[in-house]
Novice: 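Sharing a structure with you now.
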Amino acid sequence: MTTLIVNIKELLQVRENSILKVSGVEMAVLPTIKNAFLLLTDDIIIDFGSMDDLPKITVDTTIDAAGKMVLPSWCDSHTHIVYAGNREQEFVDRINGMTYEEIANRGGGILNSAKKLNETSEEDLYNQSKERLEEIMLLGTGAVEIKSGYGLTVEGELKMLRVIQQLSKNYPITIKATFLGAHAFPTVFKENKKGYLDLIINEMLPEIAKNKLADFVDAFCETGYFSVEETEQIMEAGIRFGLKPKIHVNQFNSIGGIQAGVKFNALSVDHLEIMNPEDIEVLKGTETMPVALPSCSYFLSIPYTPAREMISAGLPLALATDFNPGSTPSGNMNLVVATACIKMKMTPEEAINAATINGAYAMGISQTHGSITKGKKANLIITKPIPSYYQLPYAFGSNLIDSVILNGKVLN
Ligand code: NIG
Ligand code: FE
């Protein structure tokens with residue numbers, strides 16, 4: 001099936017030659033074509049250019065995008081979409097003065113979600129999760145990474161990963177799965193941390209690898225969660241089972257997680273709310289993508305990732321939602337892009353690069369996603385008529401999406 005989109009006011013993130021990521025000053029450049037056409041065959045981008053050069057061809061469907069922008073779908077490289085129930089009560093407790101840490105210390109937080117998840121059937125978990133997936137697809141996300149980490153038992157973790165696999169089979173959005181057994185120590189292992197690490201390494205990982213249930217391995221490297229040494233053990237074991245690391249670091253404290261990630265050639269290091277000069281320095285010249293999660297900073301009222309310092313240091317930066325029940329109950333990449341501009345002082349060009357090509361890199365899919373390039377996946381956002389792409393962050397909170405194309409088909 002061929003689809004031709006014509007009269008596009010501005011086609012964004014056009015990359016003639018495939019690039020894998022953009023870093024430093026390159027992030028300020030967003031290549032575009034004004035008054036453009038875009039041609040798709042099945043789920044692939046076949047051609048694009050100025051309307052002046054529109055080829056004379058017969059197609060199955062023509063879409064008129066007069067006044068509208070077209071851009072590659074958002075690539076959300078960090079989420080925890082598969083979870084059971086919600087943590088509304090903890091939200092209200094925080095409004096009333098408790099901290100995220102105090103709530104976790106009384107058995108709330110991740111352990112609260114783990115309890116709920118283990119009491120929920122696989123079918124129910126699938127049904128709750130698919131609603132969130134459908135919501136983010138309509139918000140323009142065309143590729144998403146989803147983590148386990150609310151099971152914290154062999155059966156619970158496998159259940160989450162099977163749900164992710166099932167979602168991936170049933171929906172046109174591209175999904176990557178991450179095993180996050182090392183999200184928190186379950187209460188029964190509170191005094192026996194080695195016991196839980198053994199369970200992850202000797203029981204969970206072999207089963208996950210055997211059933212090809214994950215692409216990546218993650219750990220929450222943080223005071224009160226997994227130490228740098230424990231995180232290194234998890235990364236080392238994950239790599240042995242073919243899983244590249246993508247890790248949670250520097251959310252509340254800078255304890256050496258970034259250095260550990262770089263040492264194990266992690267695909268990404270995520271959160272980065274608390275960054276020392278050494279944390280920035282060690283990322284220079286590496287293959288590891290730093291990922292900021294500004295809607296988590298917003299929801300928890302914690303610092304924002306110092307994007308300006310990192311970009312000035314020549315680093316790349318990706319943006320993701322962190323959609324989860326505790327620290328970010330929102331999967332809206334449009335809000336993430338706006339928040340990055342408003343609170344982190346990223347320019348619209350930098351934020352769009354961070355939420356497309358760099359997000360794709362942080363999922364290992366920038367060969368096929370994250371830009372308008374011939375041969376790449378036809379996952380696209382068509383905006384409503386807007387004056388310029390500055391509207392995307394400027395009109396924060398407005399839904400500016402007219403339609404979404406996934407695998408070459410308009411989503412209904
Ligand atoms: O990325 N920081 C660790 N994990 C999640 C939050 C987990 C939760 O509160 O349920 C995060 O913010
Ligand atoms: Fe997270």
Novice: Please state whether the rings of F185 and Y196 are parallel, tilted or perpendicular, taking 30° and 60° as the class boundaries.
Specialist: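 If you compare the ring of F185 with that of Y196, the planes turn out perpendicular.
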Novice: Hey, does the Lys NZ or Arg CZ of R162 hover above the aromatic six-ring of Y126, less than 6.0 Å from the centre and inside 45° of the axis?
Specialist: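 Relative to the ring axis of Y126, which defines the angle, R162 lies outside at least one limit.
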Novice: Salt bridge or not for K159 and E155, using N-O below 4.0 Å?
Specialist: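 Looking at E155 together with K159, the answer is no, because their closest N to O distance does not fall below 4.0 Å.
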Novice: Can you list the steps and then say if H78 with L293 is a side-chain contact (heavy atoms from CB on, under 4.5 Å)?
Specialist: CA-CA 8 Å; H78 182 138; L293 310 167; 3.8 Å; yes
Novice: How about I146 and I175: do any of their side-chain heavy atoms sit closer than 4.5 Å?
Specialist: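 Yes, close enough: below the 4.5 Å cut-off.
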Novice: Apply ring pair (Phe, Tyr, Trp, His ring centres under 6.0 Å) to the pair F91 and F299, showing each step before the final yes or no.
Specialist: CA-CA 9 Å; F91 168 56; F299 191 71; 5.2 Å; yes
Novice: To the nearest 0.5 Å, tell me how far T231 OG1 sits from E236 CD.
Specialist: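 Result: 13.0 Å between the selected atoms.
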Novice: Taking the six-membered ring for Trp, are H248 and H271 parallel (under 30°), tilted (30 to 60°) or perpendicular (over 60°)?
Specialist: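 Because their plane-to-plane angle lies in the 30° to 60° range, the rings of H248 and H271 count as tilted.
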Novice: Looking only at side-chain N and O atoms, does S268 offer a donor or acceptor that is under 3.5 Å from a partner on K246?
Specialist: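 K246 vs S268: donor-acceptor pair found between side chains.
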Novice: Indicate yes or no for a side-chain donor-acceptor contact from E273 to the backbone of I302 under 3.5 Å, with no hydrogens or angles considered.
Specialist: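 Between the backbone of I302 and the side chain of E273 there is no qualifying donor-acceptor contact (under 3.5 Å).
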Novice: Taking the side chain as every heavy atom from C-beta outward, state whether S73 and L406 have any atom pair closer than 4.5 Å.
Specialist: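 Result yes, sub-4.5 Å side-chain heavy-atom pair found.
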Novice: Would you say the side-chain atoms of Q128 pair up with the backbone N or O of L125, donor to acceptor, closer than 3.5 Å?
Specialist: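 No.
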Novice: Looking only at side-chain N and O atoms, does E222 offer a donor or acceptor that is under 3.5 Å from a partner on N253?
Specialist: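 Distance-only check passes for N253 and E222.
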Novice: Passes salt bridge (Lys or Arg N to Asp or Glu O under 4.0 Å), R94 versus E90? Steps please.
Specialist: CA-CA 6 Å; R94 281 196 301 105; E90 294 181 4; over 6 Å; no
Novice: Sub-3.5 Å donor-acceptor pair from the side chain of T383 to the main-chain atoms of M69, do we have one?
Specialist: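 At least one qualifying donor-acceptor pair exists.
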Novice: So that I can tick it off, tell me whether D218 and K147 are bridged by a salt bridge, with the cut-off set at under 4.0 angstrom between side-chain N and carboxylate O.
Specialist: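 The answer is yes: the pair qualifies as a salt bridge.
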Novice: Answer yes when K263 and E232 have at least one side-chain N-carboxylate O distance shorter than 4.0 Å, and no when they do not.
Specialist: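 E232 and K263: salt-bridged.
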Novice: Mind listing the closest non-hydrogen atom pair of G238 and L205 along with its distance?
Specialist: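 Looking at all heavy atoms of both residues, the closest pair is N-CD1, 3.9 Å.
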Novice: Would S168 and Q165 satisfy side-chain hydrogen bond (donor to acceptor under 3.5 Å, both in side chains), going step by step from the backbone distance to the final call?
Specialist: CA-CA 5 Å; S168 173; Q165 189 178 55; over 6 Å; no
Novice: Evaluate the side-chain proximity of F37 to P55: yes if any heavy-atom separation is below 4.5 Å, no if none is.
Specialist: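 P55 vs F37: side chains touch.
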Novice: Shortest non-hydrogen contact from P303 to S297?
Specialist: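 Nearest pair, atom of P303 first, then S297: O-OG, 2.9 Å.
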Novice: For F216, does the six-membered ring have the charged nitrogen or CZ of K244 within the cation-pi criterion, i.e. under 6.0 angstrom from the centroid and within 45° of the normal?
Specialist: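 The answer is no; the distance or angle limit is not met.
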Novice: Donor-acceptor pair, distance only, cut-off 3.5 Å: does the side chain of D93 make one with the backbone of M98?
Specialist: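 Checking the backbone N and O of M98 against the side chain of D93, no donor-acceptor pair under 3.5 Å is found.
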Novice: M363 and A143: which non-hydrogen atoms are nearest, and at how many Å?
Specialist: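 Residues M363 and A143, closest heavy atoms: CE-O, 3.7 Å.
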Novice: Are any non-hydrogen side-chain atoms of I136 and L133 less than 4.5 angstrom apart?
Specialist: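 With C-beta onward as the side chain, the pair touches.
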Novice: Is a donor on one side and an acceptor on the other found under 3.5 Å between the side chain of S398 and the backbone of L400?
Specialist: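 Not confirmed, S398 side chain does not pair with L400 backbone.
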Novice: Give me the atom names and distance for the closest heavy-atom approach of R15 to T373.
Specialist: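 What the structure gives for the nearest pair is O-OG1, 2.8 Å.
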Novice: Does the side chain of D60 come within less than 4.5 Å of T3's, by heavy atoms?
Specialist: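 T3 does not reach D60 side chain to side chain.
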Novice: Evaluate the side-chain contact (heavy atoms from CB on, under 4.5 Å) criterion for residues N265 and E287: first the C-alpha distance (whole Å), next the side-chain angles of each, then the deciding distance (0.1 Å), finally the verdict.
Specialist: CA-CA 7 Å; N265 200 20; E287 299 291 297; 3.8 Å; yes
Novice: Would F323 and H80 count as a ring pair (Phe, Tyr, Trp, His ring centres under 6.0 Å) here? Give the steps.
Specialist: CA-CA 6 Å; F323 196 174; H80 311 247; 9.7 Å; no
Novice: Does N250 offer a backbone N or O that forms a donor-acceptor pair with the side chain of S254 under 3.5 Å?
Specialist: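 Side chain of S254 to backbone of N250: no pair is present.
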Novice: List the steps and the verdict of side-chain hydrogen bond (donor to acceptor under 3.5 Å, both in side chains) for S327 and N324.
Specialist: CA-CA 6 Å; S327 72; N324 76 76; 2.8 Å; yes
Novice: Tell me, with the steps shown, if I33 and F48 meet side-chain contact (heavy atoms from CB on, under 4.5 Å).
Specialist: CA-CA 9 Å; I33 302 176; F48 54 81; 3.9 Å; yes
Novice: Do I372 and L38 have side-chain heavy atoms sitting under 4.5 Å apart?
Specialist: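 I372 reaches L38 side chain to side chain.
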Novice: Between K115 and E119, does at least one N-O distance fall below 4.0 Å, as a salt bridge requires?
Specialist: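 Looking at K115 and E119, the cut-off is met.
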Novice: Closer than 3.5 angstrom, by distance alone: can the side chain of N407 be matched with the main-chain N or O of I173 as a donor-acceptor pair?
Specialist: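 Answer holds: no.
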Novice: Heavy atoms only: give me the nearest V82-L117 pair and the separation to one decimal.
Specialist: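 Scanning both residues, the minimum pair turns out to be O-CD1, 4.4 Å.
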Novice: Any carboxylate oxygen within less than 4.0 angstrom of a Lys/Arg side-chain nitrogen, looking at K345 and E350?
Specialist: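 Salt bridge flag = no for E350 with K345.
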Novice: Answer yes or no: is there an ion pair linking D43 with K377, defined by an N-O contact shorter than 4.0 Å?
Specialist: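 Yes, charged N to carboxylate O under 4.0 Å.
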Novice: Any side-chain heavy atom of T339 sitting closer than 4.5 Å to one from F396?
Specialist: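 The answer is no; the side chains never approach within 4.5 Å.
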Novice: For A28, does its backbone N or O pair with a side-chain atom of T347 as donor and acceptor, under 3.5 Å?
Specialist: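 Between the backbone of A28 and the side chain of T347 there is no qualifying donor-acceptor contact (under 3.5 Å).
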Novice: The test is side-chain hydrogen bond (donor to acceptor under 3.5 Å, both in side chains); show your working for S295 and D322 and say whether it passes.
Specialist: CA-CA 8 Å; S295 45; D322 199 20; over 6 Å; no
Novice: Could you check whether R132 pairs with E135 (Lys NZ or Arg NE/NH1/NH2 to Asp/Glu carboxylate O, under 4.0 Å)?
Specialist: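 Judged by the 4.0 Å cut-off on N to carboxylate O distance, R132 and E135 do not form a salt bridge.
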Novice: Is there side-chain contact between P393 and I342, with heavy atoms separated by less than 4.5 Å?
Specialist: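 Of all side-chain heavy-atom pairs linking I342 with P393, none is under 4.5 Å.
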Novice: State whether the side chain of N7 and the backbone N or O of A65 hold a donor-acceptor pair below 3.5 Å, judged by distance alone.
Specialist: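 Side chain of N7 to backbone of A65: no pair is present.
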Novice: Give the C-alpha distance, both sets of side-chain angles, the deciding distance and a yes or no for side-chain contact (heavy atoms from CB on, under 4.5 Å) between L411 and L138.
Specialist: CA-CA 8 Å; L411 197 71; L138 289 168; 3.8 Å; yes
Novice: F252 vs Y100, test: ring pair (Phe, Tyr, Trp, His ring centres under 6.0 Å). Steps then yes/no.
Specialist: CA-CA 10 Å; F252 302 109; Y100 183 80; 5.6 Å; yes
Novice: Any idea which heavy atoms bring S148 and E157 closest together, and the distance?
Specialist: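 Heavy-atom minimum between the residues: OG-OE1, 2.6 Å.
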